[in-house]
Amino acid sequence: MRRHTYGACATSPGLIPWWSASPAGPRMSFQRLRTDFDFAILMALGSITLFGLAPFMLFRLADGQWLAFAIDSVIMLCICLALVHIWRGGSIARAALLVAATNSLGCVVVGMVLGLPGVLWAYVALIGNFLLLERRRATLASLLIIGFLIVHGGAFANVLERAMFAVTATVCAGFAFAFAYRAGLQRRQLESLAEHDPLTGAHNRRAMERELPIAIEASRRQQLPVGLAVLDLDYFKHINDAYGHEAGDRVLVDFAGLVIRATRKGDRFFRYGGEEFVLVLPGVDRRALRTVSEFLRASVAEQLRCGNERVTVSIGAATLAAGEDVAQWMARADAAMYQAKQRGRDQVVVADDPAPAEEPPPTAYRMKPRRFPLRPASPASRRPPPK
Ligand SMILES: Nc1nc2c(ncn2[C@@H]2O[C@H](COP(=O)(O)OP(=O)(O)OP(=O)(O)O)[C@@H](O)[C@H]2O)c(=O)[nH]1
C-alpha cells in the first residue's frame, strides 16, 4: 500500500507524536515515559550516564584532577540540558543529537587525557549512538570515534592494546548496529499493525483519532481548507446475507482499494468501523470536496460489484469550519451522510458551513463570559437513530 504523509507530520524516524507537539507539563512527561519510545530511551540513557559519571566527577574534584573534573562537568551539563529540554516538551531529535555528540566527543577527550581507563567510555558512546541516532549517523559517529582513537594512539601503551581496542570496539559497534536495525524493523512493523485495519489495509480508527487533531492543527497553521468525507456502503447487510460474510469482506477490500487508488498521496483513508470509512483531504475546499466525493461515488457505482449486483456508497462530507473541533466536524459530515441515506442512498451530501458566531455586543453591554462553557454534544448523541 502507498505510504501517505501529512506534510510536517510525515511518519519518519523523527516523528513528533501529536500529543507531544504541544508544550508538555511534568504530568505529560511522566506519561511519555510509558508511551514514547524515543523519549523513554533518551531519559534512561541520559540519567544512567549521569549516575555513572557523578562519582568520578566527585573523586576528581576531591583528588584535584582539575582537567578531568572540568571535562566530566561539561559532559554532565550537556546531558542535563538535553534531559531538561525534552522533559519540558522540546525536540527529542535535537536532544538526542546533543547527548550523542557529547558522549562521542567526551569519550575521545577522556581517552586522550586519562589513557586506557578513559577509552572504556567509548563502549558506552558506541552503544548509546545506535540507540539515539538514525543508523547512518550512528555508524559515522562510531567510525570517527574508533578511527580517531586508533590513529591518534595516545591512549594505548602498545600496539597490542591498540589492536585489541580496534577489534572489541568494532565488534561492539557491529552488535549495536544489528540490534538497532532489528529493533527499528520490528518497531515499524508494530506501528503499522497498530494503525492499520488488517482486512482492508486502510488506516484504523485509532490512527484516525490520533491524526484528526493534527489535520485540524495543520489546516489552521497553514491557513488551508481541509475536507472530511464519511463513506458508508449501502445495504451491506443484504450483501452479507445474500452472498456470505467472505463475499462481504471482498467487497470491503475492493472498495478500500478503489478509494486508495483514486485519492492523492496526502489524503488519509480510515476504516471507522464495519462498512463505514472516513477520508480526510487536506487543502480541499467545499467545491473540490463535492467534486472528489461525487467522483468516488460514481467510481464505486460503476466498478464495485458483488455477484451480479452493483454496490453503491452514500457519502456525507464537510469542510472544517472556523473554531470547530474534531467532534463537531465529524458530526456534521456524519449527519450529511445520513441525509444521503435518507435521500435514497448512492448520493453525496456536502454539509453547509455552520452559521458564523454572532458579533459580540458593544463593549458597554458585553455579557459576562460563561464560567462553564457548554460542551458540544458527543458524536454518538448527535447521530440520527440507527438505520
Ligand atoms: N463481511 C463483513 N461484514 C461486516 C463487517 N463489519 C460489519 N459488517 C456488517 O455490515 C452490516 C452493516 O449493516 P447496517 O448497519 O444495517 O447497514 P446497511 O445494511 O449497509 O444499510 P445502510 O447503511 O442503511 O444502507 C452488518 O450486517 C455487519 O454485520 C466486516 O468486517 N465484514
Side-chain angles (χ1 to χ4, degrees), residues 1-4 192-209 211-212 227-281 284 288-318 330-351 379-380 383-387:
M1 206 186 86
R2 242 185 316 163
R3 222 177 146 73
H4 298 278
S192 171
L193 280 176
E195 301 234 317
H196 285 86
D197 167 43
L199 177 67
T200 61
H203 296 273
N204 60 17
R205 186 167 174 169
R206 175 194 159 112
M208 187 183 89
E209 280 163 6
E211 289 185 21
L212 278 182
L228 181 146
V230 175
L231 305 94
D232 190 294
L233 289 170
D234 298 325
Y235 302 118
F236 194 66
K237 187 174 179 320
H238 160 74
I239 290 171
N240 273 335
D241 292 346
Y243 298 94
H245 207 79
E246 265 182 40
D249 281 356
R250 263 199 309 281
V251 169
L252 290 172
V253 173
D254 291 348
F255 171 72
L258 197 154
V259 175
I260 290 168
R261 278 193 304 278
T263 46
R264 301 166 311 171
K265 204 172 170 217
D267 301 334
R268 298 290 274 182
F269 185 54
F270 306 93
R271 185 173 181 196
Y272 189 48
E275 38 30 303
E276 195 168 8
F277 294 79
V278 167
L279 182 64
V280 178
L281 303 123
V284 163
L289 185 59
R290 175 176 293 284
T291 310
V292 176
S293 303
E294 250 320 317
F295 174 76
L296 289 174
R297 186 207 58 75
S299 306
V300 170
E302 237 170 63
Q303 297 172 36
L304 203 58
R305 295 275 178 282
C306 189
N308 290 326
E309 286 190 52
R310 263 175 7 120
V311 182
T312 59
V313 65
S314 296
I315 303 179
M330 276 288 292
R332 279 195 308 118
D334 210 30
M337 190 276 291
Y338 275 93
Q339 269 185 41
K341 291 274 183 195
Q342 279 159 8
R343 288 181 191 175
R345 295 173 172 77
D346 190 19
Q347 307 261 334
V348 171
V349 173
V350 181
R383 240 174 131 118
K387 299 162 269 177

Roughly how far apart are [X] [atom1] and [Y] [atom2], rounded to 0.5 Å?
X	Y	atom1	atom2	answer
His203	His196	NE2	NE2	4.0 Å
Phe236	Glu276	CZ	CD	12.5 Å
Arg310	Tyr235	CZ	OH	12.0 Å
Glu302	Leu258	CD	CG	9.5 Å
Met208	Glu195	CE	CD	12.0 Å
Lys237	Glu275	NZ	CD	11.5 Å

Testing the basics here: between Glu211 and Phe270, what is the closest heavy-atom pair and its distance to 0.1 Å?
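Here Glu211 and Phe270 meet closest at OE1-CZ, 3.5 Å.
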Taking all non-hydrogen atoms of both residues, which atom of Arg271 and which atom of Leu199 are closest, and how far apart?
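Where Arg271 meets Leu199 most closely, the heavy atoms are NH1-CD2, 3.7 Å.
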In chain order, what residues pass the side-chain contact (heavy atoms from CB on, under 4.5 Å) check against [X], with sequence neighbours excluded?
X	value
Thr291	none
Val292	Leu281, Leu296
Arg343	Gln339, Gln347, Val349
Ala333	Leu228, Val230, Ala318

Under 4.5 Å between any side-chain heavy atoms of Arg345 and Leu233, yes or no?
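No, side chains not in contact.
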Do the non-hydrogen side-chain atoms of Met330 and Val278 ever get within less than 4.5 Å of each other?
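SC-SC contact between Met330 and Val278 confirmed.
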Set of side chain to side chain donor-acceptor pair (under 3.5 Å) partners for [X], sequence neighbours left out:
X	value
Arg205	Glu209
Asn204	none
Arg297	Glu294, Asp346
Ser293	none

Below 3.5 Å, can you tabulate the donor-acceptor pairs from side chains in residues 243-253 to any protein atom, sequence neighbours excluded?
from   : atom 1 : to     : atom 2 : distance (Å)
Tyr243 : OH     : Glu309 : OE2    : 2.9

Contacts of Phe277 that satisfy ring-ring contact (aromatic ring centres under 6.0 Å, His included) - sequence neighbours left out
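For Phe277, the residues satisfying ring-ring contact (aromatic ring centres under 6.0 Å, His included) (neighbours in sequence not counted) are Phe255, Phe269.
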Among all residues two or more places apart in sequence or in another chain, which pass the salt bridge (charged side-chain N to carboxylate O under 4.0 Å, His left out) test with Asp254?
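None.
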Pair Leu279, Leu231 - check side-chain contact (heavy atoms from CB on, under 4.5 Å), show working.
CA-CA 8 Å; Leu279 182 64; Leu231 305 94; 3.9 Å; yes
Between Asp234 and Ser314, is any side-chain donor less than 3.5 angstrom from a side-chain acceptor?
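On atom types as modelled, these side chains qualify, holding a pair under 3.5 Å.
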